[in-house]
Amino acid sequence: MCISIKKHPTAIHGFLVDPEFFVYQHRNRRPLLELVREYFGTGRINPKSGNTDVLVYSITSRRTISERVIPFFDQYMKYSSRWADISRYKEALGLFEEGSHRTREGLVRIVRLAYSMNHDGKQRQRPLQAVIDRILRGHTPDTSLMT
């Protein structure tokens, strides 16, 4: 699970920020991903970008994550070493549901949660402060790309 933060020229605050859920497996283990898709009743299985030997099962719908993945986490992952990340993920989903992502302050709060997950965001491409600075300073969307 992660909260993706993608720079985007037409996004109001300069970034598209969305929760996502992924399961990775070698292509030889596709049947495991099929079981996951069957369990959740939704999702896609695609080759991983840059490494076609790895398949990725993904759910990118906030609603589906809230309705299907979160109950799974609550039931089966309560004692996982990842519970702190799961709790932050759930908090971020709640902020999305409240519409907080539509304000600069709310979006910054979600971004901070995202960077506090998954080993404190060590795999992130941009430093946290660079993302926050761009959100807070304002961003003029490139409307020529919106057609």
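On a predicted model such as this, the values are computed, not experimentally measured, just so you know.
- Here Glu97 pairs with Ser66 under the side-chain contact (heavy atoms from CB on, under 4.5 Å) rule; sequence neighbours left out.
- Using a cut-off of 4.0 Å between Lys/Arg side-chain N and Asp/Glu carboxylate O, Arg29 and Glu34 are scored as not salt-bridged.
- Annotation: salt bridge (Lys or Arg N to Asp or Glu O under 4.0 Å) contacts of Lys6 (sequence neighbours excluded): Glu20.
- Residue pairs meeting the side-chain hydrogen bond (donor to acceptor under 3.5 Å, both in side chains) criterion with at least one partner in residues 42-60, sequence neighbours excluded, are Arg27-Asp53.
- A 4.5 Å side-chain heavy-atom check between Lys90 and Asp74 finds at least one atom pair inside the cut-off.
- In this view, Arg88 and Asp85 satisfy the salt bridge (Lys or Arg N to Asp or Glu O under 4.0 Å) rule, not counting sequence neighbours.
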task: Check the pair Leu128, Ile132 against side-chain contact (heavy atoms from CB on, under 4.5 Å), reporting the backbone distance first and the verdict last.
output: CA-CA 6 Å; Leu128 172 61; Ile132 290 173; 3.6 Å; yes

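- Hydrophobic clustering keeps Leu16 apart from Ile110 (ILVMFWY residues linked when any side-chain heavy atoms are closer than 4.5 Å, directly or through intermediates).
- In this structure, Tyr89 has its ring center no closer than 6.0 Å to that of Phe21.
- Looking at heavy atoms from C-beta onward, Arg126 lies out of side-chain contact with Arg134 at the 4.5 angstrom threshold.
- For Glu98, the side-chain contact (heavy atoms from CB on, under 4.5 Å) criterion is met by Leu95, Ser100, not counting sequence neighbours.
- Under the 4.5 Å side-chain heavy-atom criterion for Ile, Leu, Val, Met, Phe, Trp and Tyr, Phe40 and Phe22 are members of distinct hydrophobic clusters.
- Using modelled atom types, one side-chain atom of His8 and one backbone atom of Thr10 make a donor-acceptor pair closer than 3.5 Å.
- Side chain to side chain, Asn118 and Arg82 meet the donor-acceptor criterion of an N or O pair below 3.5 Å.
- Residues satisfying the ring pair (Phe, Tyr, Trp, His ring centres under 6.0 Å) criterion with Phe96, sequence neighbours excluded, are His101.
- Contact check on Arg109 versus Glu105 returns no salt bridge, with no Lys/Arg side-chain nitrogen under 4.0 Å from an Asp/Glu carboxylate oxygen.
- Clustering ILVMFWY residues whenever any of their side-chain heavy atoms sit less than 4.5 angstrom apart, transitively, puts Ile59 in a cluster other than the one holding Val54.
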